[in-house]
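Below: one structure, written as structure tokens.
Computed from a prediction, not measured in an experiment: that's the story for all the values here. Each ligand, and each atom within it, is numbered from 1 in the order the structure gives. Note that these values count all heavy atoms, side chains included, but never hydrogens, waters or copies made by symmetry.
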Amino acid sequence: MCGIVGYIGKKNALPIIINGLKRLEYRGYDSAGVTILNNKNQLLTFKRAGKVADLEKNINKDIFSGDTGIGHTRWATHGEPSDINAHPHYSSDDSIILVHNGIIENYKFLKNNLIKENYKFATETDTEVLVNLIHFNYANTKNFEKAVQISLTAVEGTYGIACMCKYEPDKIIAARKGSPLLIGVGIEEILVASDPSAVLNYTKKVIYLEDGEMAVVTKSGYGLKTIEDIQVLREAEELDLLQGEIEKGGYDHFMLKEICEQSETIQNTYRGRINFDTGVAKLGGLENVLEKMLKARRFIITACGTAWHAGLVGEHMIEQYCRIPVEVEYASEFRYRRPIIYPDDIIIVISQSGETADTLAALREAKKHGATTIGIVNVIGSTIAREVEAGTYIHAGPEIGVASTKAFTSQLMSLVLITLMLAKEKNVKLQDSLLSLAEELKRLPGKIQKMVDKREEYKKVAEKFKDSKNFLYLGRGYNFPVALEGALKLKEISYIHAEGYPAAEMKHGPIALIDKNMPIVIIAPLDRTYDKIISNIEEVKARKGIVIALANDEDENIKNYADYILRVPKTLALFAPIINVIPLQFLSYYIAAIRGCDVDQPRNLAKSVTVE
Ligand code: F6R
């Protein structure tokens, strides 16, 4: 959830660490801190509640000068966001310094043992327990590496850590279990980070730590081993990521940039994976499980948040086009209810970050039952991507805005490709032929671009609703999950309460909410549900609700019913969610931006939820 950066080399560490922390702020940003080894071999720590920019403004750069250090940007799990709870944390005597992502589950047990040894604690954090445990083991071993190793074997839970020791100040020790960590290998310098974006300015050579591994990093190099003390030899890999890709590129916010990129990002998802002459899709990463997919009893899709909404669309697609039964599960619920999983089930996990703790746990649960696991993931080399049996990357590029946008449409596109691949193999008689689907797919980027180019029209609608307190989003069939996604986008970045509902369910409860102040976004494309949707709109109008209809360009009739119209190009049902979600992303973006909300870093949220 939080971000870690460490540096050891010949340059001044502070600006490099601050720069890295800024790149990681999307992971967590309620407090930040650094420890620098100064020229007198002293470890100096500065930390405070607030963003990295506050840290940068307030730190004394002359004093915090040295060529080694570690830093952290935090999203609170144990203990409120405050100066004292911010990382780095130090042992009671200040000799060991630690930054930590994840949660130490048995911290109370460890803390009680340390209290018996006369340790005192200044914070409520689990991290302070770990740093004191390392201190305790250092006192016994007088060997920093050993002390870290022994301490980590006693820890239950998850961690990505970087730590330093006053008595062996020329090294950083990093370790990982369940929380991503890598080392970036530069020329005469080495970085430690929880995410490649923090090292990209300095090196493209990285080594991802595996669970249960640690790295000892010094100016002269690095060594890898497991916490059981077995040496690990692994070559650095070359990152295929451009720094420009993770910068705003002239847009006011990352979220706006990411919404506007979607005509390109969906092409990146399907490029090289579909034959436009036949409509046949091929996904290299799934070839080894294709047979199993075709024979499967059922598919279970599991994910969280936006990725779960993509899963709901996937359920419609796969059931309708491939006639395979599909269940969709919140990953956070799935693992705890002793799910019935058969070895011939296919479990599809969808995750932008590939690090979401609940999704990862659901994946591991499925593996325990011997099911075949497939990932639909964005972040290359992420834990989920590495742990699934087979998978497909969505290739949406780094998504920095906390609210997921382009990853959603690329997740949908991956599900389209899976559907097309299976439909061909299953020989199902399709409502639209494979060829006509492929032809429409070719037109899709142009249609998306058309919406991006006229985004001012969506903004004008947004301006009318900046002061609304509540919203309803309604859709049917494929568009019900789109309604859920539209509502989620609005609430997470503008803090306006919003609910998504299947349009026909409205009369079973939510209709009670409707009055002249209630805006209702109704997804009303020209498809076989159109007449029914018009009836739903009439029910809203009869109660004086304000109708914002999402309607196709050619639909003149809608003007008789809607107060405001979000126009979208017509497409085939399979692609409708990809098209229809885009005006809803713009609507929530503009409402939040006009309200002056922190769009890219909404309160209480973090980009990647690596805690349960
Ligand atoms: C919503 C959002 C979250 C994520 C969810 C899963 O905009 O970003 O709901 O979709 O936390 O994250 P990933 O896809 O990284 O597993």
Side-chain angles (χ1 to χ4, degrees), residues 1 26-28 75 178-180 194-195 253-256 258-259 262 265 269 301-314 328-335 347-364 374-388 391-412 414-415 473 481-482 484-495 498 500 581-582 584-589 592 597-612:
M1 186 65 75
Y26 67 91
R27 294 179 62 87
W75 185 84
S179 230
S194 50
D195 189 303
H253 297 98
F254 280 113
M255 182 181 177
L256 182 60
E258 287 159 6
I259 298 172
Q262 290 175 104
T265 47
T269 309
I301 301 179
T302 184
C304 298
T306 289
W308 182 77
H309 297 156
L312 290 176
V313 178
V328 185
E329 299 268 2
Y330 278 118
S332 50
E333 291 291 320
F334 184 59
R335 55 179 299 205
I347 313 290
I348 302 181
V349 289
I350 308 178
S351 176
Q352 186 286 126
S353 61
E355 302 292 350
T356 300
D358 288 319
T359 312
L360 183 58
L363 162 66
R364 289 177 176 161
I374 292 175
I376 299 179
V377 172
N378 191 30
V379 178
I380 295 171
S382 57
T383 310
I384 291 176
R386 283 184 283 120
E387 291 199 9
V388 285
T392 180
Y393 282 119
I394 64 173
H395 294 309
E399 190 178 65
I400 308 292
V402 164
S404 188
T405 52
K406 63 176 182 170
F408 180 66
T409 46
S410 284
Q411 287 160 352
L412 295 182
S414 293
L415 288 159
Y473 284 71
V482 177
L484 291 177
E485 176 60 8
L488 177 64
K489 286 292 86 91
L490 186 70
K491 59 190 152 196
E492 64 186 335
I493 59 167
S494 69
Y495 320 133
V581 77
I582 289 171
L584 304 189
Q585 295 170 343
F586 277 125
L587 186 68
S588 48
Y589 168 75
C597 297
D598 192 344
V599 171
D600 284 332
Q601 295 179 349
R603 69 183 181 207
N604 304 340
L605 292 177
K607 182 67 185 159
S608 157
V609 187
T610 52
V611 293
E612 284 171 37

Under 4.0 Å from a heavy atom of Ala307: which atoms of ligand 1 are those, numbered in the order shown and with their elements? 10 (O), 14 (O)
Purely on distance, is any nitrogen or oxygen of Val402 under 3.5 Å from one on ligand 1? yes
Rounded at 0.5 Å granularity, tell me how far CG in Leu312 sits from CG in Leu412. 10.5 Å
Do the charged groups of Glu399 and Lys406 touch, with an N to O distance under 4.0 Å? no
How far does CG of Leu488 sit from CH2 of Trp308, to the nearest 0.5 angstrom? 10.5 Å
Filtering Ile384, Thr405, Thr356 for the heavy atom nearest atom 13 (P) of ligand 1 leaves Thr356
If I apply the N/O under 3.5 Å rule, does Ser351 come out as touching ligand 1? yes
For atom 10 (O) of ligand 1, the option (of Thr359, Leu360, Thr306, Ile350) bearing the nearest heavy atom: Thr306
So, 4.0 Å and heavy atoms of Lys489: is ligand 1 close enough to count as a contact? yes
If you take all heavy atoms of Ile350 and Thr359, which pair is closest and at what distance? O-CG2, 3.9 Å
Judged by modelled atom types alone, do Gln262 and Thr409 share a side-chain donor-acceptor pair under 3.5 Å? yes
Hey, which atoms in ligand 1 end up nearer than 4.0 Å to a heavy atom of Ala403? 7 (O)
Using a strict cut-off of 4.0 Å, indicate which atoms of ligand 1 neighbour a heavy atom of Ser353. 13 (P), 15 (O), 16 (O)
Using 0.5 Å steps for rounding, measure from the CD1 atom of Ile301 to the CG atom of Leu415. 5.5 Å
Would you mind running through ligand 1 and noting each atom that sits below 4.0 Å from a heavy atom of Gln352? 13 (P), 14 (O), 15 (O), 16 (O)
Under 3.5 Å, is there a donor on one side chain and an acceptor on the other for Thr302 and Glu329? no
